[in-house]
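Accompanying notes for the structure given below.
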Amino acid sequence: MQRTEISELGEFGLIHRLTHDVTIHHPSTLRGIGDDAAVLDPLGKRVVVTTDLLCEGVHFDLSYAPLKHLGYKAVVVNLSDVCAMNARPTQVVVGLGISNRFSVEALDELYAGIRLACEVYNVDLVGGDTTSSPSGLTLAVTAMGLVEADAVVGRDGASDGDLLVVSGDLGGAYMGLQILEREKSVFQAAPTAQPELKDHAYALERQLKPEARVDIVRELGELGLKPTSMIDVSDGLASEVMHLGTASKVGFKVYEDKLPIDPKVYETAREFNLDPTLCMLSGGEDYELLFTVRQSEYDKVRNHPKLSVIGHAVAAPDAFTLVTKNGPEVPLKAQGWDSFHPSAPSS
Ligand code: ADP
Ligand code: MG
């Protein structure tokens with residue numbers, strides 16, 4: 001494959017190459033790339049803004065995360081945060097720190113992923129910044145979204161008795177990471193070994209190409225259902241449950257037998273000698289939405305194919321318990337992802 005050095009294009013040439021054919025679709029984007037700043041029109045709504053910084057060696061490992069997937073994921077994790085406010089994502093800006101280890105072609109790949117995510121989610125890329133870095137890749141994405149003023153949902157609105165609901169299934173992204181780590185070590189020991197990945201398409205996709213639940217935000221709106229509190233599952237369910245509880249000054253009871261897991265992910269966890277429940281509670285990066293609704297809304301969520309009612313809020317603040325399958329209640333432990341924790345995996 002061809003390798004063009006970034007120095008051959010220079011900063012402005014590179015920006016041009018990556019962004020010259022970006023088009024704008026949103027009525028709220030008045031002005032995008034090419035000026036000193038983008039100009040947005042909130043259309044009478046509330047604006048939500050969120051940012052995520054991804055550093056090579058801390059948040060991703062390019063030996064198994066292809067650049068296109070990385071670009072896609074970097075956008076999606078931000079859109080997920082916009083969704084968690086019950087808002088619809090509308091714009092993103094992208095900050096890039098790049099070392100000369102990366103060729104122009106590699107950055108084309110990264111941008112192919114960024115732009116695919118923008119297309120899939122109908123979000124406008126309206127700006128960014130590009131700079132060199134002494135080593136590694138740093139990727140900062142900021143996303144904006146719009147929501148009606150009376151539809152904003154924070155982490156702090158849950159009250160005693162509210163039902164705890166999660167979208168989709170849990171633990172898949174964590175199992176995907178375990179599979180990739182295993183194949184990486186097999187490959188390091190025997191570089192000619194063929195990776196055994198084909199049986200694990202779902203878990204790998206959950207890890208490498210997560211999606212933001214814009215569909216859930218839309219469907220909740222269509223059902224006329226405004227959650228009392230909401231958060232996205234980026235660090236692991238247990239940790240997110242505690243965030244909702246702490247912000248809302250309530251506790252939660254979570255029922256182990258209600259936790260949603262894909263059957264194949266369950267099987268793989270077993271093969272890896274991991275407790276599937278622990279994968280659901282502590283494995284991060286599922287990017288599902290976790291929210292609470294009033295008990296009177298039970299009929300709207302009970303048979304919804306994308307939603308599981310997994311517990312309820314209790315009056316005692318900071319009382320977080322897991323009702324296990326065989327009966328006893330145990331304290332819910334957050335062993336979520338923490339990039340500053342010394343034993344955090346370097347992924
Ligand atoms: P300034 O010097 O005013 O900050 P730049 O020369 O850095 O402007 O950027 C020129 C234009 O290109 C701006 O609209 C900026 O938002 C956009 N831009 C720069 N880098 C990127 C990038 N990596 N992705 C998308 N847009 C970018
Ligand atoms: Mg300027």
Side-chain angles (χ1 to χ4, degrees), residues 1-43 47-62 65-82 88-146 209-210 212 214:
M1 184 162 152
Q2 194 188 348
R3 181 184 164 97
T4 312
E5 297 301 328
I6 293 166
S7 56
E8 287 175 46
L9 292 185
E11 180 190 336
F12 298 124
L14 177 65
I15 294 172
H16 179 76
R17 163 124 169 187
L18 296 177
T19 66
H20 69 279
D21 58 349
V22 166
T23 50
I24 294 301
H25 300 287
H26 264 277
S28 57
T29 308
L30 300 183
R31 197 176 274 250
I33 291 169
D35 216 310
D36 292 302
V39 182
L40 310 180
D41 180 350
L43 304 171
V47 181
V48 305
V49 182
T50 179
T51 196
D52 254 305
L53 182 61
L54 299 176
C55 296
E56 187 176 358
V58 181
H59 302 100
F60 59 90
D61 180 338
L62 288 172
L67 278 161
K68 185 172 176 185
H69 285 80
L70 178 66
Y72 190 89
K73 182 169 176 174
V75 172
V76 163
V77 302
N78 278 280
L79 303 187
S80 177
D81 280 321
V82 170
R88 316 270 172 109
T90 45
Q91 288 90 13
V92 290
V93 296
V94 173
L96 274 184
I98 29 181
S99 81
N100 57 15
R101 209 177 92 226
F102 295 89
S103 66
V104 171
E105 287 75 15
L107 297 174
D108 283 342
E109 275 298 293
L110 181 73
Y111 260 70
I114 290 173
R115 295 171 61 166
L116 179 62
C118 289
E119 206 178 293
V120 167
Y121 289 94
N122 184 32
V123 163
D124 291 338
L125 173 61
V126 297
D129 198 23
T130 309
T131 181
S132 61
S133 107
S135 72
L137 178 67
T138 304
L139 186 55
V141 177
T142 300
M144 278 133 310
L146 296 178
K209 193 168 177 283
V214 288

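Index from 1, following the sequence. Atoms within each ligand, like the ligands themselves, are counted from 1 in listed order. The basis for the numbers below is simple: all heavy atoms, side chains too, and nothing from hydrogens, waters or symmetry mates.
- By the neighbour-count criterion of 12 heavy atoms within 6.0 Å, atom CZ of Arg101 is densely surrounded, having more than that number from other residues, nucleotides or ligands.
- Judged by distance alone, with hydrogens and angles left aside, the side-chain atoms of Asn78 form a donor-acceptor pair with the main-chain N or O of Val141 at under 3.5 Å.
- Here the straight-line distance linking atom CG of Leu79 with atom CZ of Arg88 works out to 13.5 Å at 0.5 Å rounding.
- Under 4.0 Å from ligand 1, not a single heavy atom of Val22 appears.
- Residue contacts with ligand 1, taken as heavy atom pairs separated by less than 4.0 Å, involve Asp129 via backbone and side-chain atoms alike.
- With a heavy-atom cut-off of 4.0 Å, Ile15 touches ligand 1 through its side chain alone.
- On a distance-only criterion, Thr19 and ligand 1 share no N/O pair closer than 3.5 Å.
- By the neighbour-count criterion of 12 heavy atoms within 6.0 Å, atom CD of Glu119 is sparsely surrounded, having that number or fewer from other residues, nucleotides or ligands.
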Listed pairs under 3.5 Å, donor-acceptor, residues 16-24 side chains, sequence neighbours left out:
{"residue": "Arg17", "atom": "NE", "partner": "Asp108", "partner atom": "OD1", "Å": "3.2"}
{"residue": "Arg17", "atom": "NE", "partner": "Asp108", "partner atom": "OD2", "Å": "3.2"}
{"residue": "Arg17", "atom": "NH2", "partner": "Asp108", "partner atom": "OD2", "Å": "2.4"}
{"residue": "Thr19", "atom": "OG1", "partner": "Ile15", "partner atom": "O", "Å": "2.7"}
{"residue": "His20", "atom": "ND1", "partner": "His16", "partner atom": "O", "Å": "3.0"}
{"residue": "His20", "atom": "ND1", "partner": "Arg17", "partner atom": "O", "Å": "3.4"}
{"residue": "Asp21", "atom": "OD1", "partner": "Arg115", "partner atom": "NH1", "Å": "3.0"}
{"residue": "Asp21", "atom": "OD1", "partner": "Arg115", "partner atom": "NH2", "Å": "2.6"}
{"residue": "Thr23", "atom": "OG1", "partner": "His25", "partner atom": "NE2", "Å": "3.3"}

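- The closest approach between a heavy atom of Leu18 and any atom of ligand 1 is not below 4.0 Å.
- Taking every heavy atom of Asp35 and a limit of under 4.0 angstrom, the matching atoms of ligand 1 come to 13 (C), 14 (O).
- Below 3.5 Å of separation, one finds an N or O of Gly128 facing an N or O of ligand 1.
- Side chain of Tyr121 to main chain of Ala212: a donor-acceptor pair is present (N/O by atom type, distance under 3.5 Å, no hydrogens or angles).
- Considering only non-hydrogen atoms, atom 14 (O) of ligand 1 lies nearest to Gly34 out of Gly97, Gly34, Ala38, Gly127.
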